[in-house]
Amino acid sequence: MSSSLKLIDVTGADKAPVNIGQALGRLFEKVPALWTLASLALLFGAWEIAGLVPISIAFPTFTSTVAAFVEMVLDGTMGHAYFLTLQPLLLGVAVSAVLGIVLGILMGLSLKAEWLLAPVFIVLQAAPMAALVPLVTFIYGIGLTAKTLAVIMLALPVIVLNSYKAVRHVNPSLVAMCRSFQGTRLQQIMKIIIPDASPVIFAGLRLGIAAGFIGVMLAELLITPTGVGDLITYHRSIANYAHMYAAVASIIVVSTVTLAALQWFEIRFLRPEKRKR
Amino acid sequence: MQQAARSTIKAAATNDEAIVQVRGIDKTYGDIEALRNVDLEFSRGKLTTLLGPSGCGKTTLLKIIAGLVPATAGEIRVNGRVVTGPGPERAFVFQDFALMPWATVMRNVAFGLELRGVNAAERKRIATHYIEEVGLVGFEDKYPHELSGGMRQRVGIARAFSVNADVLLLDEPFSAVDEQNRRKFQEDLLRLVDLEKKTFIFVTHSIEEAVYVSDRIVLLSPRPGRISQIIDPKIDRSASPDDIRRDPGYLNTVEEIWDGLRHYVD
Ligand SMILES: Nc1ncnc2c1ncn2[C@@H]1O[C@H](COP(=O)(O)OP(=O)(O)OP(=O)(O)O)[C@@H](O)[C@H]1O
Ligand SMILES: [Mg+2]
């Protein structure tokens, strides 16, 4: 293959393949999204081949998974499952984000708040949450509250601890600068501390949202068989592997898109200097 | 005629008046004694340099004057008033620039005014003037990471100028700048000192820089920092920069300071 290409190059008889290669190279440089597409194509191609071999009867091909996905969207089961899953997820993430950022910033700003709250969240973050999620059942039964609580249990600690560390690691020289120009404490917090901490706060938010997805899936797999988790469990139990894979893949896509959207929001509105890079 | 003579005398008197008075300042950090019994006066409209070995307390003294760090004992007076914290008559230029990476050059320069609640149009007018004065026209909408170290420090200097303080405190402003640019900066600084008629307190490590830019040099001893010598270089500043660096007064002062510092090094 490569030798034949070389031959063409040396003789110069036919430049066309080389030119196409160059044009393709330039196109990839101009539209970096093509790299993402190429990498996805590679992944799905490998998946398809692995499914065709097949490596296991419980491993469907890519195309049959897509077909199963379309089928579930059309018969409404997918829509209904997401209706049930996204409610506690959105609620839990919203509560964790607001509460987590506020508590984290407070802990970063005040030693008393730190002494009071830091140990709680450090223990919570270290605890194996998957084992604690079933506890929620006994306290709140099996409903929206239990699932929401599971999301909060997983999302809140990482958001709090990141916000707290972000505030603690604000550039002291910027704070001194603000003081030297007689900035008030409020100005210091709003104009220096929060903007300087925002990249780490957002990193925490991304981790928190990812943890929230884990929380809602754990709740649906372990305590309340509803929503997308139930879709997965149900299709596995009846050996409908293509449908099970479609449900799993769909939640991965939703979570990836959510995190990418958050990143876009951060760069668009909070750190304008990163936009130009 | 007589009146003119009297007014020049008066001008001379206000020129020599001490705008910043440092009285009996001690500073200890835990068990580290950084400064011991420092008494100093800084004259209005002059550039005074604090020079001394690393760790002798230059930054500490400057930050005490700025009101950013409390002294353990003693007091600072600016325009006769005792300093209890930062104030509008003093502005600080930071060694590490202290620019907000998320803000443009324009917003960084105008930040002191923004904190004071000056309206946007007025802020922009004043900042534009000082951006021009430090030679950053065309960079108003750039972010700090798009500037060189030298340009970043110009932003810091423009920010300090825009709040129209009487006293500018500069902590090794050119330490992150290469030698060639440093000379250019020193000349620019002298031009700004001339133009702005402000009092400058300047910290540096470099003897040559100190002698080149200062009206007065205060030599500090190693920790705990005490005043070891005060030198007033007698240099004709109207000469060209190269001539100044060959001026016998310049060379002798550099030598004198070297002699003063040598016994600390030995
Ligand atoms: N925040 C602090 N906490 C404890 N010790 C400090 C603090 N700031 C300074 N020191 C100590 O005080 C002494 C004087 O420090 P300072 O930064 O004022 O020196 P300097 O003359 O500016 O040195 P350099 O020329 O290296 O910048 C040093 O020994 C330093 O270790
Ligand atoms: Mg220093």
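We name chains A, B, ... by the order of the sequence lines, and we start the count at 1 in each one.
- At a 4.5 Å heavy-atom cutoff, the contact between B/Pro88 and chain A is made by backbone and side-chain atoms alike.
- Contacts of B/Glu114 with chain A are made by both backbone and side-chain atoms, with heavy-atom separations under 4.5 Å.
- Contact record, A/Leu174 with B/Pro101: CD1-CD, 4.2 Å, taken as the closest heavy-atom pair.
- Looking at every heavy atom in both residues, B/Ala98 comes nearest to A/Ser173 through CB-OG, 3.4 Å.
- Taking each heavy atom of B/Ala91 and A/Phe181 in turn, the nearest pair found is CB-CE2, 4.3 Å.
- Contacts between B/Phe97 and chain A at a heavy-atom distance below 4.5 Å are absent for every atom of the residue.
- One finds the CZ atom of B/Phe92 at 11.0 Å from the CZ atom of A/Arg179 (value rounded to the nearest 0.5 Å).
- Most heavy-atom pairs under 4.5 Å with chain A: of the set B/Asp96, B/Thr104, B/Leu113, this distinction falls to B/Asp96.
- Using a 4.5 Å cut-off between heavy atoms, B/Leu169 makes no contact with chain A at all.
- Counting heavy-atom pairs closer than 4.5 Å to chain A, the top residue among B/Gln95, B/Lys63, B/Arg159 is B/Arg159.
- Here the closest non-hydrogen pair linking B/Arg107 and A/Lys191 is NH2-CG, 4.4 Å.
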